[in-house]
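Start at 1 with the first residue, then count along the sequence. Since the structure is predicted, the reported quantities are computational estimates derived from the model, not experimental observations. The analysis underlying the following values was restricted to heavy atoms, covering all of them including side chains, and did not include hydrogens, waters or symmetry mates.
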Amino acid sequence: MSPTSALLVLEDGRIFRGVGYGAEGETFGEMVFNTGMTGYQETLTDPSYARQIVAMTAPHIGNTGVNEEDPESSRIQVAGYVVREPARVASSWRATGSLGSALREQGIVGIAIPGTRALTRHLRDRGAMRAGIFSGAAAAVPEAELLEKVLAGPSMEGADLAGDVSTTEPYVVAAHGERRFTVAAVDLGIKAMTPYRMAERGCEVHVLPASSTAADILALNPDGVFFSNGPGDPAAADHAVEALRGVLDAGRPFFGICFGNQIFGRALSLGTYKLRFGHRGINQPVQDRATGKVDVSAHNHGFAVDAPADGPFDTPYGRAEVSHVNLNDGCVEGLRLLDRPAFSVQYHPEAAAGPHDASDLFDRFCELMQGSPITVGGRPPTPPDEDSRPPSGRSDGREEGAE
């Protein structure tokens, strides 16, 4: 089969030419890039990539094919896919098929272009933006008309997408061995490895739809509550924020990652803002401000929390602080309450597809559920004042730096 011509059209008018990869047709989404050298199957099936066209910066994609063990959800989630050079042959004993075939079978329109480096530099300079991929007959339309189609698409800002990718019915991931804790995990776009990591530590994980209320969550009488990663703009996720506030009011131990970190920030009355091009890959250096330890971590986010950088600040739930920062651009990578058992991180400790530096965060969540106190400077925390909920401090919007 001879390759079909294809076009990648960005909303600022930039056009990249290549050949079709995957399904033939047209697709639209926010154009972003992923810097991971491996883990393309986990990237493709991550629900946080809903309504995004993902470009891989690694030059060869598809070398190990696809298998039935690595997906992070039941289907490919990206809106479109951009690669430099697709593998001609899948070479792995674990492979059950080729990546190109999987894209075609699931209707994912992609493109192979020689200029993925030029595309990445363009997005770093101009920021993530709307885009469209057109292949086969769809690419034969005049370019001006293709650009009009791209400009007619929705922006990621203001998009409430968790409900589009969340489970519609609750389900349970059983603990491995003896059940130590019951966790209520709100699925805002959860990756399959996340409840698995908690199950490894003796947690029976009840995965709940994104539409769950605080009453739904607390009805399980959980030892702890978890809010997952997910797609969209946290400023549009009012329902999740209200649900989390109910959990915090009840004093249940809380752990959030990625989108869950942003929801936690909003529940603490902090703001969020859109990064110019975001963090997407498995090579981001994050520092724990308390210990100085640096983890190389997996990321997939285009928004960040705006929080005071220096010292503790007041929230409706007592004192809080920024616990982790990104060493590339200084953005907030973690939050924690000092007077209640609640914390979150912006990155992915479940380590699919690696690295494993931050996996001990699941152990910390278990410690909170076990009742280990949070200490501040070696001292026990002071009890929260239930009658006083001062407004939070705010910092100016932080300028995004280079990734």
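Taking 4.5 Å as the limit, some side-chain heavy atom of S228 sits within range of a side-chain heavy atom of F226. By the 4.5 Å heavy-atom criterion applied to side chains, D46 and N300 are counted as neighbours. Between L270 and D306 there is no side-chain heavy-atom pair separated by less than 4.5 Å. Under the 4.5 Å side-chain criterion, counting only non-hydrogen atoms from C-beta, I111 is not in contact with V19. Under the 4.5 Å side-chain criterion, counting only non-hydrogen atoms from C-beta, M156 is in contact with Q52. Proximity of V141 to F134: side-chain heavy atoms (C-beta onward) are nowhere separated by under 4.5 Å. Side-chain contact check for Y40 versus M56: some heavy-atom pair is nearer than 4.5 Å. Residues N283 and M37 form no side-chain contact, since every pair of their non-hydrogen atoms from C-beta on lies 4.5 Å or further apart.
The closest side-chain donor-acceptor pair between S73 and Q77 falls under 3.5 angstrom.
When ring centroids are compared, Y171 and H206 stay outside the 6.0 Å threshold. Centroid-to-centroid, the aromatic rings of F227 and F254 come within less than 6.0 Å.
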Practice task
Give the intermediate values and the outcome of side chain to side chain contact (heavy atoms under 4.5 Å, CB included) for residues R252 and N221.
Solution key: CA-CA 9 Å; R252 297 300 171 99; N221 193 27; 3.2 Å; yes
Practice task
Would you please test N261 and V305 for side chain to side chain contact (heavy atoms under 4.5 Å, CB included) and show each step?
Solution key: CA-CA 8 Å; N261 174 71; V305 176; 3.7 Å; yes
Problem - Full working for salt bridge (Lys or Arg N to Asp or Glu O under 4.0 Å) between R201 and D363 - result: CA-CA 8 Å; R201 290 160 170 81; D363 297 320; 2.7 Å; yes
Exercise for the section: Please step through side chain to side chain contact (heavy atoms under 4.5 Å, CB included) for the pair I76 and Q41, ending with a clear verdict. Expected result: CA-CA 8 Å; I76 296 176; Q41 190 170 355; over 6 Å; no
Problem - Trace of the salt bridge (Lys or Arg N to Asp or Glu O under 4.0 Å) decision for D233 with K274 - result: CA-CA 8 Å; D233 185 347; K274 195 173 191 304; over 6 Å; no
Handout entry: Working for side chain to side chain contact (heavy atoms under 4.5 Å, CB included), residues V332 and V325
Key = CA-CA 5 Å; V332 173; V325 294; 5.9 Å; no
Practice task
Could you walk me through whether S101 and E105 pass the side chain to side chain donor-acceptor pair (under 3.5 Å) test, one step at a time?
Solution key: CA-CA 6 Å; S101 295; E105 290 167 3; 5.2 Å; no
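Scanning both residues, I61 and Y81, for their nearest heavy atoms gives CG2-OH, 3.6 Å. Across every non-hydrogen atom of H279 and C331, the tightest pair is CE1-SG, 3.3 Å. Residues G29 and I53 come closest through the heavy atom pair N-CD1, 3.7 Å. Across all non-hydrogen atoms, the minimal contact from I133 to L8 is CG1-CD1, 3.8 Å. Taking every heavy atom of both residues into account, Y347 and E333 meet most closely at CE2-O, 3.5 Å. Scanning all heavy atoms of the two residues, the minimum distance from V294 to D357 falls at O-OD2, 4.5 Å.
For D125, the CG atom is densely surrounded, since the number of other residues' heavy atoms within 6.0 Å is greater than 12. Enclosure of atom CZ in R289 by more than 12 non-hydrogen atoms of other residues, nucleotides or ligands within 6.0 angstrom is indicated. Atom CE of M129 is surrounded by more than 12 heavy atoms from other residues, nucleotides or ligands within 6.0 Å. More than 12 heavy atoms of other residues, nucleotides or ligands shown are found within 6.0 angstrom of CZ on R51. Heavy atoms from other residues, nucleotides or ligands lying under 6.0 Å from CZ of R14 number more than 12. More than 12 heavy atoms of other residues, nucleotides or ligands shown are found within 6.0 angstrom of CZ on R180.
Ion pairing of D70 with R94 is present here, as a side-chain N (NZ or NE/NH1/NH2) and a carboxylate O approach within less than 4.0 Å. A salt bridge is defined here as a Lys NZ or Arg NE, NH1 or NH2 lying under 4.0 Å from an Asp or Glu carboxylate O, and R319 with D314 fails to meet this definition. A salt bridge links R17 to E143: one of the charged nitrogens lies within less than 4.0 Å of a carboxylate oxygen.
Side-chain N or O atoms of T182 include none that pairs as donor or acceptor with a backbone N or O of D223 at under 3.5 Å. D187 places a side-chain N or O within 3.5 Å of a backbone atom of I190 that can act as its donor or acceptor partner. With hydrogens and angles disregarded, a donor-acceptor distance shorter than 3.5 Å links the side chain of R266 to the backbone of P234. Side chain of R336 to backbone of S323: no donor-acceptor contact under 3.5 angstrom is found. Judged by distance alone, with hydrogens and angles left aside, the side-chain atoms of E72 form a donor-acceptor pair with the main-chain N or O of M193 at under 3.5 Å. When atom types are taken as modelled, the side chain of S359 and the backbone of H356 share a donor-acceptor pair closer than 3.5 angstrom. Judged by distance alone, with hydrogens and angles left aside, the side-chain atoms of N229 form no donor-acceptor pair with the main-chain N or O of F259 at under 3.5 Å. At distances below 3.5 Å, not a single donor-acceptor pair connects side-chain atoms of S212 with backbone N or O atoms of L208. With hydrogens and angles disregarded, no donor-acceptor distance shorter than 3.5 Å links the side chain of Y317 to the backbone of G251. A side-chain donor-acceptor contact under 3.5 Å links R197 to the backbone of E350.
A perpendicular orientation is assigned to the rings of H122 and F16, their planes being inclined by more than 60° (bins at 30° and 60°).
Atom CG of L151 and atom CZ of R130 lie 5.5 Å apart (nearest 0.5 Å). The distance from atom CG of L337 to atom CG of L248, rounded to the nearest 0.5 Å, is 6.5 Å. To the nearest 0.5 Å, atoms OG1 (T120) and CZ (R124) are separated by 8.5 Å. Taking CD1 of I108 as the reference point, atom OH of Y21 lies at 12.0 Å (rounded to 0.5 Å).
A cation-pi arrangement is found for R364 relative to F343, the charged atom lying closer than 6.0 Å to the ring centre and inside a 45° cone about the ring normal.
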